[in-house]
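Heads up: the structure comes next, in structure tokens.
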Amino acid sequence: MSLLNGITVIVGSIIGSGIFVSPTGVLKYTGSVNASLIVWVASGVFSMVGAYCYAELGTMIRVSGADYAYIMETFGPFAAFMRLWIECMIVRPCSMAIVALTFSTYVLKPIFPECSPPEDATRLLAACCILLLTFVNCWSIRAATRVQDWFTYAKLLALFIIIAAGLYQLSRGKVEHFTFEGTTSDVTSIALSFYSGLFAYNGWNYLNFIIEELKDPVRNLPRAIAISCTLVTIVYTFTNVAFYTTLSPTEVLGSAAVAVTFSERLFGAFALSIPMFVAASTFGAVNGVLLTSSRLFYAGAAQGQMPGMLTMVSSRSTPAPAVIAVAVLSLMYLTVSDIFALINYVGFATWLSIGAAVLCLPVLRYTQPNLERPIKVNLFFPVIYIICTILVVAFPAWASPAETGVGCLMILTAVPVYLLLLEPKTRLSGLGFITDAATRLIQKLTLSVRPKTKVFFFIDDVRRIIINILNIESYEYIYIFQ
């Protein structure tokens, strides 16, 4: 993957459903347009600081898996498994489900202009989106990256059209909604607004998950992160400004598809183009999550903390079993009815985990000072990031104890799984037969093998030479396993 591919992976993963779903959530918890814009900018800056810390971690530990690899190196296998479990079982599939639901909402909205699309139709179309991209990612890595590239361009074009329309509205003096009137003074509500804002920026660390596939990562990783985060922050801020030049806060809060309502007010006969561009945006975002998540499953399996079948690579050189695993979990999350509850579950688990990953940076400075660090971050940045993460996690936990409790229970399910399946002292015996049978079945269904196993058959002359040197009897075949 080149620098451009790296940028499109980050931008394509970040810009998905968030900018079209989160304006409602941010405004709901801040209470005013100007306060919501401050949250959008602050969320972008917060993400940039985290990405800056990840640049050091990614160039120091150049292994696919990102947070998982960093926590494994710093805190050991149990903490790494907790992170892996959160990301694989909650964050990634849940995020994919949210983005796929947004995709189907925008596709169906023009068909149901006077009402919300039927829930069953929305979920069925979201499932079709996930299944189609699962096929693409199982078929070819090149096809998956091309989908990512082209749909990233489509989503940027859609947002630039909205921004251009917003600038035109500003030139006409449409600034009546830009006030601090109604701003909440409740600290917990402001913290909850950051959940929605930061959800829209979720994905800035996704390139770290596939760093082994990036050309010259020391040079290209920090460049890709810097360019992508700056671009997304600017685009997000101006897109929100554009929305509020035309829509009142009441209209934004009452809209299930903000960009559709905006386009209907401004573009007339061309209003249909914006939902199609938004659908393209979210379609590409689903692909980005699937592309990077499958590599996380693969990294966990390579460390022995996920089923061995997830390390298998198909005859087309794609991690097909891992891709299918992510897709199946995402389809399960489509059964949850409240999209904002999903966002809160994801927010709590995500920022708790990312804060733990950033904590690796100062810990490794102390425990392993001799590690090669092509990029060395001032410790001020990770300390500030960790403090802000604690606040972002703690206040919403206090304000929404029920949702936080569900999130904690989902995270704590990792403990019995680790003790029963991975910990040598407490691991259940007799599971080898079941896992071996399941692995063979998946291999047959996906035509996959372990990628690092190479089998060489030596021709008769070479075989005879080896037999003479070793002074052993003749073998029918000689295999070398790497």
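- A distance below 6.0 Å separates the ring centres of Y54 and W204.
- The residue from V9, I7, T8 that alone fulfils the side chain to side chain contact (heavy atoms under 4.5 Å, CB included) condition with V11 is I7.
- Taking the six-membered ring where tryptophan is involved, the planes of F262 and F243 are perpendicular, since the angle between them exceeds 60° and thus also 30°.
- Under 3.5 Å, the side chains of N5 and S2 contain a donor-acceptor pair of N or O atoms.
- Using a 4.5 Å heavy-atom cutoff, the side chains of T105 and T102 are not in contact.
- Using cut-offs of 30° and 60° on the angle between ring planes, the pair F151 and F283 is tilted.
- Contact check for C229 versus Y52: no side-chain heavy atoms found under the 4.5 Å cut-off.
- Side-chain contact between V323 and T318 is absent, with no heavy atoms from C-beta onward closer than 4.5 Å.
- At a threshold of 4.5 Å between non-hydrogen side-chain atoms, the residues L84 and M306 count as touching.
- Across every non-hydrogen atom of Y68 and Q305, the tightest pair is OH-OE1, 3.0 Å.
- Counting heavy atoms from C-beta outward, I10 and I225 have side chains that approach closer than 4.5 Å.
- Taking the side chain as every heavy atom from C-beta outward, L253 and L27 approach each other to under 4.5 Å.
- Side-chain N or O atoms of D67 include none that pairs as donor or acceptor with a backbone N or O of A357 at under 3.5 Å.
- Less than 6.0 angstrom separates the ring centroid of Y201 from the ring centroid of Y236.
- Atom CE of M82 and atom OG1 of T413 lie 8.5 Å apart (nearest 0.5 Å).
- Ring pair W85/F81 is tilted by interplanar angle, where 30° to 60° counts as tilted.
- Residues L198 and S47 have side chains in contact (heavy-atom distance under 4.5 Å, counting atoms from C-beta outward).
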